[in-house]
Each structure stands twice: as structure tokens, then as C-alpha cells.
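Read through the structure below, which is laid out as C-alpha cells, and then see the notes.
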Amino acid sequence: MKYESTRGDFSKTDAAEAIALGISKDGGLFVPESFPVFMQEDIKRLAKMSYSERAAYTMGLFLDGFDPGELKSFTDAAYGRGRFDSDLAAVICKTGNNTYFLELWHGPTCAFKDMALQVMPHLLTASLNKIGEKREACILVATSGDTGKAALEGFRDVPGTRIMVFYPKDGVSDIQELQMTSQAGENVNVAAVKGNFDDTQSAVKEIFSDNVLSAGLSKRGYFLTSANSINWGRLVPQIAYYVSAYCDLLAKKEIKLGEKINFCVPTGNFGNILAAYYAYMMGLPINKLICASNRNDVLRQFINTGTYDKNRAFYTTVSPSMDILISSNLERLLYELSDKDGDAVRSYMAALTDKGCYDIAPSVLRKIRDIFVSGYCDEEDTLRTIDDTFRNESYLIDTHTAVAYKALKDYRARSGDQTAAVVVSTASPFKFCQSVLTALGQSCRAGGAEQIDMLSQLTGVPAPLPLLALRQARPRFTTTIDKKEMKSAVAEFLGG
Ligand SMILES: *Cc1c(COP(=O)(O)O)cnc(C)c1O
């Protein structure tokens with residue numbers, strides 16, 4: 001299977017090249033030229049397999065040029081014992097009739113980003129080998145909190161790679177910040193940037209398109225690439241956990257083979273929910289995908305009206321990993337639903353850059369609304385949902401998951417749709433202790449690691465080990481820079 005660009009202007013390329021390049025030369029994103037199909041028989045077979053086998057099989061359907069044994073060695077290394085604190089890397093938890101949570105945060109950094117970023121370094125280094133790339137890859141990451149740590153942990157001390165992470169100084173939680181600034185590894189670097197996530201992400205995109213910089217780096221034996229969710233190597237592992245969730249519900253006899261289910265996904269950059277949509281395109285029985293937004297509800301407006309408009313106030317919320325106004329992966333959805341019209345996508349994206357907004361054709365909007373439903377949860381309801389869920393269902397969730405759960409409840413009340421639904425749980429509640437404690441009616445002035453003990457004592461829920469280890473963590477990277485200084489920080493990191 002080959003890959004093509006969402007902007008239509010770049011010849012078809014192999015999986016390895018798409019992963020190595022990250023972004024297409026015409027500025028578009030790589031998408032598969034067609035989608036493999038799951039038969040009911042495949043699903044039945046996968047239901048008997050381990051997570052690692054399900055992931056290797058699903059990724060293999062997309063990754064020509066990677067053999068099955070190779071992929072299995074990657075998924076074993078990524079999802080095997082020692083990395084995840086559960087034998088099932090993606091854990092289904094039933095909380096009520098027809099309601100399930102898919103816990104994707106049992107990996108080393110306690111957020112769902114590990115599901116992709118534990119395996120992506122293997123995919124990337126193998127891809128570089130396959131295309132004969134001799135230069136060292138420098139991964140640049142703009143993070144709204146969770147990607148940064150997961151990428152640092154995934155790439156640390158991986159031969160042939162270096163990684164530099166930028167995060168918005170006031171846009172991440174204390175725990176997220178400490179997780180990143182205390183990162184170990186010889187090939188890593190971290191800097192805080194004044195501004196919000198979109199500023200940081202835009203500045204990273206500018207660095208990528210700076211030809212003078214890349215020529216200079218190339219002479220010194222480096223090239224820049226991305227681990228953001230625009231990279232196909234980030235997205236393809238995410239399809240697997242939707243398949244796996246369906247298999248688990250089937251194996252536990254919660255659903256019958258072929259029965260449709262709903263997924264409700266707390267959404268920011270649109271990567272996670274796009275993977276669900278791809279699983280749907282492959283024939284996984286899905287009824288609705290509920291796209292849950294926090295106060296930065298640019299996607300709700302988009303799904304409801306067909307107008308994408310980022311000219312609006314930006315809010316820093318208690319679910320910071322969703323504080324995003326430019327959802328990069330939406331471009332891939334638009335490409336599919338406009339029948340692969342690269343010109344249309346290019347004009348939408350040009351309008352987004354020039355005017356900050358675009359309107360999609362009514363025919364495209366209709367197709368979006370056939371499957372996607374929008375959901376919303378404000379700050380107060382996020383905290384109330386955490387409290388209600390803990391009191392009434394004895395289940396502790398984080399702020400992002402709470403946004404999704406509220407969106408699901410509202411959707412059910414509004415539509416009467418009682419289809420079995422899986423809420424995608426994207427972070428451990430201990431990663432957002434301060435907000436979770438506030439939700440439970442506690443005032444907490446303590447710093448990072450002490451909050452973890454407090455939440456654990458209050459709820460009786462044990463904290464994940466990687467977060468407990470933060471008690472001993474000391475910050476290594478303490479610089480805060482202006483976004484104008486990011487380019488020179490990269491050059492300096494690479495010895496320039
Ligand atoms: C990244 C993240 C999200 C948003 O996922 P997207 O793929 O960017 O839509 C939601 N919740 C948490 C905890 C995250 O880390």
C-alpha cells in the first residue's frame with residue numbers, strides 16, 4: 001500500500017518514506033491510498049490474541065515493506081511487560097450498563113500518547129534504515145503536555161535519534177512539567193516557551209520549513225522530523241486500540257459479533273478520534289463517534305455548522321491537553337470526505353492560514369455528520385463529572401476523560417441512543433491531581449508529588465508507579481525561552 005498527500009501534489013510514496021518524512025513536501029499530510037478491510041472472521045480471530053498481536057496485525061495491514069515478525073518484535077518491545085503496568089496495554093473497564101472506559105494510560109508516562117510513542121521510535125528507526133538514511137534524526141516536538149513526555153520516554157537513548165521538546169510555560173500541569181524537566185537520557189532536551197500551545201506549534205512548523213536551517217543541519221549530519229500526531233507512524237498504532245476494544249467487548253460477551261458500538265473521544269488535535277474513524281473505514285462496527293471538546297470548542301462549532309473558525313478566545317482549561325484551536329489531523333478527515341480532493345483541502349488550509357477560518361462544502365458536512373457527533377463540557381461540569389463519577393460509580397477519572405463522559409451523557413439524553421459506548425480514557429487521574437482534588441472538594445496547596453499521595457489517600461486508588469517516582473525527581477531542564485529563540489535553541493542542541 002502506498003501513501004499520498006492530502007494536498008494532492010506529491011507522488012505516491014512507501015510507508016517507510018512517509019514515516020521518515022513526517023510531513024509531505026507539498027505541506028500536506030500522508031494518508032493511505034486505500035483502506036484495508038476487517039472481516040468478521042478477522043475480528044473473531046483477533047479477539048483471541050494479545051494486545052501486542054492485535055497491534056502488529058493491524059499495523060501490518062498498512063505497512064507494506066515491514067514484515068510481520070519485525071512488527072511483532074516492535075509491539076512486543078513497546079507493549080510487553082515492564083513498559084505497561086497491565087498485561088493488556090489497553091484496558092476495558094465496565095462502569096455501568098452499556099458504558100465502558102478504555103484506559104489507555106497504563107504506559108510509562110500515564111497518558112494515552114504512550115500507546116503510539118512507545119512503538120513509533122521502532123517504526124521510525126526501521127523506516128530510516130529502509131530508505132538508506134544515514135543522517136541522525138532530530139525529533140522536534142511541540143507539546144500541550146502529554147506528547148512531550150511520551151516522546152521523550154519513547155526516544156530516550158534510541159541510537160541514531162535526538163529529541164527536543166518545547167512546551168508552553170503556563171499551559172501544562174505541575175506534574176506534566178516535572179515529568180518533562182526531569183527527563184533522563186543523553187539525547188534529550190526540553191525547553192519551556194512563553195506563549196500558548198498554538199504559538200509553540202506554529203513556531204515548530206516554521207522551523208521545519210526553514211530551508212537554510214535544514215541545509216546547515218544536514219551538513220552536520222542531522223535532519224529534522226516530527227513525532228507530533230501528524231506523523232503516520234503516530235497514527236497507525238492508534239487504530240489498533242479501537243480494534244482491541246471491540247475485540248475485548250466481544251471476548252467478554254458484552255457485545256455480539258457485528259454489533260455496532262459508539263466511541264466517545266476527548267479531542268484536541270483530532271489524532272485519537274481520527275484513528276477511530278480509520279477503524280470505522282476498515283469495517284469495525286461503529287455507530288457514532290462522539291467528538292468531545294472542552295471550552296476551546298472549535299470542533300463543536302465545526303461539526304455543528306461546517307465553519308472552522310480559530311478566531312476566538314483561547315482558554316487555558318483543566319484539560320490542558322485539549323487546549324488547541326488548530327486541530328491538525330482534521331485535514332486528513334477532510335481529504336477522505338471530499339473524495340480525495342487535494343485542491344479543496346489545499347484551499348481550506350490556505351484560508352485557515354490567511355484568515356483563520358474556512359467553510360466546507362455542504363456535501364462534506366453531511367458526510368461528517370453521518371458519523372460524528374459533537375459534545376461539549378465546560379470547566380464546572382468537568383469537575384462535577386469527576387466528583388459524580390467517583391461518588392456514584394466509585395470510578396476515578398481525569399479531567400480529559402471527564403469531558404468525554406459528560407459529552408456521552410449529554411448525547412444519550414439528547415438522542416436517546418443507548419448503543420453500548422466506550423469512553424476513551426486518555427490520562428491517569430494522578431496526572432492532573434490538582435484539578436481532580438479540587439473536583440473532589442479538597443483544597444490543595446502542595447506541589448507536584450505531594451498531591452499524588454493526597455489523592456491516593458483520599459480515594460484509596462493507588463497511584464501509578466512512574467508518577468510515584470516523581471517524588472525523587474529533580475528538574476534538569478529549567479530554561480524558559482521566547483518563541484523567537486526556539487530556532488537557535490535547536491541549532492545549539494545540535495552543536496551549531
Ligand atoms: C493528547 C491528549 C488528548 C487529545 O488527543 P488528540 O489526539 O490530540 O485529539 C486528550 N486527552 C489527553 C490526556 C491527551 O494527552
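Just so you know, ligand 1 is whichever comes first in the structure, and atom 1 is the first atom listed for that ligand.
Scanning the protein heavy atoms around atom 4 (C) of ligand 1, the nearest turns out to be G268 N, 3.6 Å. Among all non-hydrogen protein atoms, the one lying nearest atom 11 (N) of ligand 1 is T426 OG1, 2.8 Å. Of all protein heavy atoms, the one closest to atom 2 (C) of ligand 1 is K113 NZ, 2.4 Å. Nearest non-hydrogen protein atom to atom 7 (O) of ligand 1 is N272 N, 2.9 Å. For atom 6 (P) of ligand 1, the closest non-hydrogen atom on the protein side is N269 N, 3.5 Å.
Heavy-atom separations between S229 and ligand 1 are all 4.0 Å or longer. Every heavy atom of W105 sits 4.0 Å or more from the atoms of ligand 1.
For the atom pair CG of L440 and CG of L455, the computed distance is 6.5 Å after rounding to the nearest 0.5 Å. The distance from the CD atom of Q201 to the CG atom of L325 is 11.0 Å, given to the nearest 0.5 Å.
Counting the atoms of ligand 1 from 1 in the order shown, those under 4.0 Å from a heavy atom of F270 are 6 (P), 8 (O), 9 (O). The atoms of ligand 1 that sit less than 4.0 Å from any heavy atom of D146 are 12 (C), 13 (C), 14 (C), 15 (O). Proximity to P266 (heavy-atom distance under 4.0 Å) selects the following atoms of ligand 1: 4 (C), 10 (C). Taking every heavy atom of A427 and a limit of under 4.0 angstrom, the matching atoms of ligand 1 come to 13 (C). For ligand 1, the atoms lying closer than 4.0 Å to a non-hydrogen atom of T267 are 9 (O). Proximity to G271 (heavy-atom distance under 4.0 Å) selects the following atoms of ligand 1: 6 (P), 7 (O), 9 (O).
The shortest distance between side-chain heavy atoms of Q176 and P320 falls below 4.5 Å. Using a 4.5 Å cut-off on side-chain heavy atoms (C-beta onward), F38 and T58 make contact. At a threshold of 4.5 Å between non-hydrogen side-chain atoms, the residues R471 and I452 do not count as touching.
A distance below 6.0 Å separates the ring centres of Y277 and F372.
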